[in-house]
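Some notes on the structure that comes next.
The figures that follow rest on heavy atoms only: side chains count, while hydrogens, waters and symmetry mates do not. Sequence lines set the chain letters: A, B, ... in the order given, protein chains first and strands last, and positions in each chain run from 1.
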Amino acid sequence: MNDEQVQLELTVASKAENIPLVRHAVAGFLDGHELPEELASDVLLAVTEACTNVVQHAYRGSSSGEIEISAEYIRSELTIAVRDRGLGFAPRVDSPGLGLGLPVIAALTHNVEIRPIPPSGTEVVMTFSLDP
Amino acid sequence: MNDEQVQLELTVASKAENIPLVRHAVAGFLDGHELPEELASDVLLAVTEACTNVVQHAYRGSSSGEIEISAEYIRSELTIAVRDRGLGFAPRVDSPGLGLGLPVIAALTHNVEIRPIPPSGTEVVMTFSLDP
Amino acid sequence: MSARAISLVRHDGDACVVALNGEHDLSSVDELIAVLEQATSARGMVVDLSATSFIDSAVLGALIASHRTAEASGRRWALVVGKGSGAAVRRILELTGLDAVMPVYAGLGDALAASLPSQSGLPT
Amino acid sequence: MSARAISLVRHDGDACVVALNGEHDLSSVDELIAVLEQATSARGMVVDLSATSFIDSAVLGALIASHRTAEASGRRWALVVGKGSGAAVRRILELTGLDAVMPVYAGLGDALAASLPSQSGLPT
Ligand SMILES: Nc1ncnc2c1ncn2[C@@H]1O[C@H](COP(=O)(O)OP(=O)(O)O)[C@@H](O)[C@H]1O
Ligand SMILES: Nc1ncnc2c1ncn2[C@@H]1O[C@H](COP(=O)(O)OP(=O)(O)O)[C@@H](O)[C@H]1O
């Protein structure tokens with residue numbers, strides 16, 4: 001295990017076609033560390049769900065925007081933040097989804113935080129514990 | 001504004017009929033502070049949603065359980081935690097709800113954290129900013 | 001704290017008004033669903049939140065379901081949100097953008113008129 | 001990284017197999033929905049995830065919708081999750097408890113047999 005702080009920063013256009021790209025970049029980042037396979041898979045699933053939420057919900061109405069992903073190891077924790085500069089978190093009675101994204105994220109993570117970022121947008125910070 | 005740490009601790013059986021009771025207790029706690037009316041209303045709505053989730057999802061299958069609520073002011077922030085000792089956070093394709101609870105909480109709070117508590121259960125920690 | 005009640009009143013021209021008084025949440029939602037179901041036998045229905053101090057997403061879910069059922073069978077359905085509606089009522093409707101999905105009126109009179117556009121079957 | 005594909009194969013006795021290869025998420029879900037719709041014309045259908053390395057809740061939503069449509073019209077529907085299914089596939093099915101809601105088989109043969117219980121209309 002690495003005790004230094006290792007980081008990934010990535011910004012892509014908020015489009016469905018970029019979701020695999022983000023997942024593969026994070027997979028590459030995880031590859032550099034000895035992560036159990038099941039945990040790595042959980043991380044990739046959670047990151048995918050967070051990006052899907054940005055693409056489906058963050059920039060409703062406005063034509064374009066970005067997904068910002070950052071990942072870092074701090075001692076025995078992996079923290080991944082997914083940010084958008086969209087309209088802010090809002091419930092939708094007309095959501096195209098089944099409402100499984102957030103619960104899946106919460107079930108996979110050691111801790112998940114959702115918070116608005118000024119002046120607008122949402123940050124979802126997911127923490128995974130590397131201790132067995 | 002009070003600079004000391006002021007706390008509320010409350011444990012009730014995880015039953016729908018206790019949800020108003022929790023809301024009223026928290027309302028009483030808020031009354032002691034000069035909270036803008038709209039913010040107080042947001043807090044009560046968010047607390048209600050978190051308790052509803054415990055009653056509907058936390059103790060599925062098992063006959064009984066409790067909701068633990070704690071609230072405290074720390075400087076310019078109000079933090080309310082809603083805890084259960086249930087089965088842990090899990091997505092449900094058969095949820096009786098519309099999936100609006102968590103998004104409503106996220107939209108109302110300055111920050112919301114969801115995390116498992118050992119040995120089992122979930123803690124939802126909601127933070128409200130008292131700065132205008 | 002505040003007393004709660006759910007009332008059902010039938011008006012002339014076959015419109016039902018379901019009024020919620022006080023605070024409503026998961027603890028009263030089963031009763032609400034039952035009353036809403038009784039009301040769906042009418043040609044038009046109005047849910048009156050003008051004396052409702054509190055609702056949450058569980059109550060909202062029941063209202064959305066009732067609205068959908070009414071729409072599916074071609075019945076009229078309207079919501080009243082007035083000055084007496086609590087802050088949480090306005091807030092959750094605003095957050096979910098529900099006023100874009102269902103007809104919302106500021107007064108019962110308007111809502112009733114809208115829920116029964118053609119009194120006694122005579123178009124106006 | 002891994003190549004992805006969605007294939008549709010019609011089998012004797014009017015069963016369709018939709019197989020997902022590689023990783024699937026929001027970026028391929030529209031294509032998946034279109035293929036699943038084509039398959040619903042058959043008497044029975046199987047979604048084969050035995051070479052699927054990744055799915056998320058967007059894909060799961062499409063599978064659940066397809067299963068519901070099939071059920072509503074009395075058509076058979078089954079899922080195959082095998083040794084070649086990726087960890088994320090198993091994980092999301094486990095988390096959502098989906099194996100309790102829809103029939104899941106470990107092999108295509110079993111799933112096909114289940115989706116067409118009475119070959120050529122002759123009960124066995
Ligand atoms: N990045 C975001 N920006 C704004 N709203 C969001 C964002 N992510 C999620 N939401 C809101 O939270 C709701 C729940 O999300 P989720 O659990 O992933 O379910 P689904 O996407 O299937 O609706 C969404 O319907 C949406 O209203
Ligand atoms: N305290 C809890 N314990 C276990 N699972 C929970 C808890 N709270 C929420 N969940 C899960 O999260 C999902 C989403 O919750 P929510 O957004 O409130 O929508 P709904 O309750 O309408 O399904 C629930 O369906 C459930 O699967």
Side-chain angles (χ1 to χ4, degrees), chain A residues 12-31 35-59 67 69 82 84 92 94-109 112 124 126 128, chain D residues 1-6 20-37 47 49 51-69 71-72 79 81-102:
Chain A
V12 299
S14 173
K15 290 185 176 152
E17 67 212 60
N18 285 335
I19 294 176
L21 194 148
V22 172
R23 187 168 58 248
H24 299 162
V26 174
F29 175 73
L30 299 181
D31 272 351
L35 227 59
E37 201 201 324
E38 302 281 307
L39 177 58
S41 161
D42 285 358
V43 172
L44 298 181
L45 180 51
V47 168
T48 300
E49 296 292 348
C51 292
T52 299
N53 273 349
V54 174
V55 173
Q56 289 197 307
H57 306 299
Y59 298 101
I67 319 177
I69 298 96
V82 174
D84 65 69
R92 290 177 67 178
D94 63 340
S95 174
L98 283 179
L100 296 176
L102 285 185
V104 164
I105 292 172
L108 293 171
T109 54
V112 57
V124 176
M126 300 172 281
F128 302 87
Chain D
M1 234 180 229
S2 71
R4 69 155 61 146
I6 302 175
L20 306 194
N21 277 259
E23 303 180 12
H24 292 273
D25 56 28
L26 190 68
S27 61
S28 55
V29 83
D30 287 343
E31 188 190 338
L32 174 61
I33 290 169
V35 175
L36 289 171
E37 251 163 42
V47 176
L49 302 181
T52 312
S53 50
F54 183 92
I55 60 169
D56 66 356
S57 74
V59 171
L60 208 67
L63 299 183
I64 292 169
S66 168
H67 174 239
R68 286 190 185 151
T69 306
E71 273 209 320
L79 198 65
V81 179
K83 280 181 198 150
S85 305
V89 175
R90 298 170 170 285
R91 187 63 144 147
I92 200 165
L93 292 174
E94 167 204 314
L95 279 180
T96 52
L98 219 70
D99 40 353
V101 181
M102 44 175 71

- Just wondering, do D/Arg4 and A/Pro20 contact through their side chains at under 4.5 Å, heavy atoms? yes

- Mind checking which of residues 24-36 of chain D sit less than 4.5 Å from chain A, heavy atom to heavy atom? D/Asp25, D/Leu26, D/Ser27

- What is the distance from atom OG1 of A/Thr52 to atom CG of D/Asp56, rounded to the nearest 0.5 Å? 5.0 Å

- Item | Side chain, backbone, both or neither of A/Leu98 within contact of chain D (heavy atoms, under 4.5 Å) | side chain

- Task: Check whether any side-chain heavy atom of D/Leu95 lies under 4.5 Å from a side-chain heavy atom of A/Leu108, and answer yes or no.
- Result: yes

- Message: For A/Thr48 versus D/Phe54, what's the shortest heavy-atom pair and its separation?
- Response: OG1-CZ, 3.3 Å

- Query: Is chain D contacted by the side chain of A/Asn18, its backbone, both, or neither, given a heavy-atom distance below 4.5 Å?
  - Reply: neither

- Between atom OG of D/Ser57 and atom CG of A/Asn53, what is the distance when rounded to the nearest 0.5 Å? 7.5 Å

- Do other residues, nucleotides or ligands put more than 12 heavy atoms under 6.0 Å from the CD atom of A/Glu38? no

- Note on the structure: When the 4.5 angstrom heavy-atom criterion is applied to D/Ile64 and chain A, the contacting part is side chain

- Message: Would you say that A/Glu49 contacts D/Ile92 through its side chain, given a criterion of any heavy-atom pair below 4.5 Å between the two side chains?
- Response: yes

